[in-house]
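Heads up, the thing below is written out as structure tokens.
Chain letters run A, B, ... following the sequence lines, proteins first and then strands; every chain starts at 1.
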2 protein chains.
Amino acid sequence: MMAERQRRKPGETREKLMSAALTLVGKGRHFASLGIREVTRQAGVVPTSFYRNFRNMDDLGLQLVDELGLVLRRMMREAREHVSQADKLIEESVDIFISHAQANRSFFLFMAQGLAGESRAVQEGIRSEMRFFASELANDLRRLRLVDHLSDSDLDMTSDLVVRSVAFSLTDLLGVSAGDDYQIDQIRKRTIRFLQLIFVGAANWNSVSQ
Amino acid sequence: MMAERQRRKPGETREKLMSAALTLVGKGRHFASLGIREVTRQAGVVPTSFYRNFRNMDDLGLQLVDELGLVLRRMMREAREHVSQADKLIEESVDIFISHAQANRSFFLFMAQGLAGESRAVQEGIRSEMRFFASELANDLRRLRLVDHLSDSDLDMTSDLVVRSVAFSLTDLLGVSAGDDYQIDQIRKRTIRFLQLIFVGAANWNSVSQ
DNA sequence: GTACTGTGTGTACAGTTGTTCACTAATGTG
DNA sequence: CACATTAGTGAACAACTGTACACACAGTAC
């Protein structure tokens with residue numbers, strides 16, 4: 001008696017394994033504590049198959065970081081398309097961020113875990129995605145000419161701080177259950193205020209210091 | 001042949017186990033991936049002893065959070081004592097933070113990991129320590145009368161943002177090797193600029209929005 | 001059609017894991 | 001001093017772990 005062996009597409013098992021790992025993370029497990037057997041079991045695949053696709057768990061983590069990059073780019077594109085009026089820019093961006101964080105909960109959980117994770121490579125990968133995100137944000141801000149008085153390096157710093165603040169709100173967001181609308185709205189409001197405070201700082205930056 | 005059994009003090013093994021876990025974290029392991037046997041081995045103690053002191057690894061993690069609270073309070077006290085001139089407040093505080101982060105590297109690694117960790121209880125404990133820290137900071141700022149124009153809730157928000165920014169810099173700091181003075185100085189400068197930006201924002205908060 | 005390669009399967013094994021149990025020595029209390 | 005309590009020990013166990021090996025089948029190249 002042979003379990004069906006169809007091999008429809010190359011890389012099918014690979015995706016099953018990656019989403020199995022994400023599923024486990026979504027269930028509250030920490031990526032660093034996942035084992036090969038556990039992931040293959042969740043994927044409905046025999047343990048040996050793992051080695052056909054990945055060298056070890058760190059390798060799988062690295063490939064998850066790549067996919068995370070795609071998720072972030074999608075989010076960025078949607079934010080750009082929705083920037084209708086400049087005065088609602090912050091609110092709308094935060095809303096898009098929150099909806100993406102909920103739609104890709106496991107991905108963002110993985111990201112939050114990886115920032116202080118076990119694998120240096122994964123850590124560096126996530127950090128690099130965040131830097132990219134911040135530099136894109138700096139470009140957008142420059143294009144919108146809302147902060148013309150800032151030097152490039154000050155603009156980079158501002159974007160960096162924005163991205164970090166949002167990333168920290170992310171860990172708040174992932175801590176509450178997905179249906180808790182009251183708490184989610186609290187986090188939303190707080191994040192918006194953080195960003196407003198930062199932009200007020202940026203608007204008055206040169207006039208005060210440096 | 002009996003290994004020495006002296007039992008000098010009650011709770012001696014308990015401390016050995018806790019610092020063994022910290023040591024492993026300091027060596028790059030993630031707390032969530034530590035096992036009971038591994039910790040007892042590092043502590044030079046037989047596995048059974050673990051159960052005399054903790055119910056499971058989460059329990060140990062919770063008790064580490066308590067000790068982390070002490071570390072943070074020490075840091076806060078030192079910062080308060082060193083606040084000589086108000087205009088150097090940010091620089092001096094960041095310096096104290098950096099030196100404490102290096103002196104208690106494993107503790108802060110544990111903290112950074114726990115923020116997105118596996119145990120909800122540990123997560124909440126660390127978050128609560130950060131909230132406490134932020135509220136103490138708000139008290140200090142109120143006392144110094146540097147931000148008199150802010151409402152209590154705006155002051156709380158500002159302190160919260162400050163603490164989060166510093167906490168994020170912490171993960172930068174823990175990512176570089178302890179001797180890399182150049183990178184450490186970069187992080188120091190960037191953190192200082194973040195805080196300056198936030199305080200510029202706070203100084204101009206009411207005049208612009210809300 | 002035949003051979004090769006890539007990707008899946010099943011079996012196997014030694015090492016590690018968490019946890020239980022019965023035991024023993026040191027300490028504090030009366 | 002006797003005695004209960006506490007905090008350590010070592011041996012045992014079944015369950016699980018990562019990894020290796022030989023094998024099977026689909027697809028492609030010749």
Side-chain polar contacts of residues 61-72 of chain B - donor-acceptor pairs under 3.5 angstrom, sequence neighbours left out - could you list them?
from    : atom 1 : to      : atom 2 : distance (Å)
B:Gln63 : OE1    : B:Arg14 : NH1    : 2.1

Q.
Please determine whether a side-chain nitrogen or oxygen atom of B:Tyr51 lies at a distance below 4.0 Å from atom OP1 or OP2 of C:dT20.
A. no

Q. Starting at CE of B:Met57 and ending at C1' of C:dT17, how long is that distance when rounded to a whole Å?
A. 13 Å

Q: Could you state the atom-to-atom distance from CZ of A:Phe54 to C1' of C:dT7 in whole Å?
A: 13 Å

Q) Between atom CG in A:Asp59 and atom P in D:dG18, what is the gap in whole Å? A) 15 Å

Q: Let me know, please, whether B:Thr48 or A:Gly44 comes out on the 5' side of the other along DNA chain C by nearest nucleotide.
A: A:Gly44

Q. Can you check the B:Asn56 CG to C:dT19 P distance for me, whole Å?
A. 7 Å

Q) Separation of B:Asn53 atom CG from D:dT6 atom C1', in whole Å? A) 11 Å

**Q.** Heavy-atom pair of closest approach, residues B:Leu34 and B:Glu38
**A.** CA-OE1, 3.6 Å

Q | SB check A:Arg73 A:Glu129 (cutoff 4.0 Å) | A | yes

Q) Minimum heavy-atom separation for A:Ala20 to A:Gln42, with atom names? A) CB-CG, 3.6 Å

(Q) For A:Ile96, run the side-chain contact (heavy atoms from CB on, under 4.5 Å) check against A:Glu91, A:Glu78, A:Met76 and tell me which one passes. (A) A:Glu78

Q) Given atom CG of A:Leu17 and atom C1' of C:dT9, what is their separation to the nearest angstrom? A) 14 Å

(Q) OP1 or OP2 of C:dT17 versus the side-chain N and O atoms of B:Arg41: is any pair under 4.0 Å? (A) yes

Q) Rounded to whole angstroms, how far apart are CD on A:Glu12 and P on D:dA26? A) 14 Å

Q: Decide yes or no on salt bridge (Lys or Arg N to Asp or Glu O under 4.0 Å) for A:Glu136 and A:Arg77, but give the supporting numbers first.
A: CA-CA 11 Å; A:Glu136 289 290 300; A:Arg77 185 168 335 123; over 6 Å; no

Q: Taking only heavy atoms on the protein side, list every residue of residues 21-40 of chain B lying under 4.0 Å from any atom of DNA chain D, sorted numerically.
A: B:Arg37

Q: Could you state the atom-to-atom distance from CZ of B:Arg55 to C1' of C:dG18 in whole Å?
A: 16 Å

Using a 3.5 Å cut-off and no angle test, enumerate the donor-acceptor pairs between side-chain atoms of residues 160-178 of chain A and protein atoms at least two apart in sequence or in another chain.
from     : atom 1 : to       : atom 2 : distance (Å)
A:Asp160 : OD1    : A:Arg164 : NE     : 3.3
A:Asp160 : OD2    : B:Arg190 : NH1    : 3.0
A:Arg164 : NH1    : B:Asp172 : OD2    : 3.1
A:Arg164 : NH2    : B:Asp172 : OD2    : 2.6
A:Ser165 : OG     : A:Leu161 : O      : 2.8
A:Ser169 : OG     : A:Ser165 : O      : 3.4
A:Ser169 : OG     : A:Thr191 : OG1    : 2.8
A:Thr171 : OG1    : A:Phe168 : O      : 2.7
A:Asp172 : OD1    : B:Arg127 : NH1    : 2.6
A:Asp172 : OD2    : B:Arg164 : NH1    : 3.1
A:Asp172 : OD2    : B:Arg164 : NH2    : 2.6

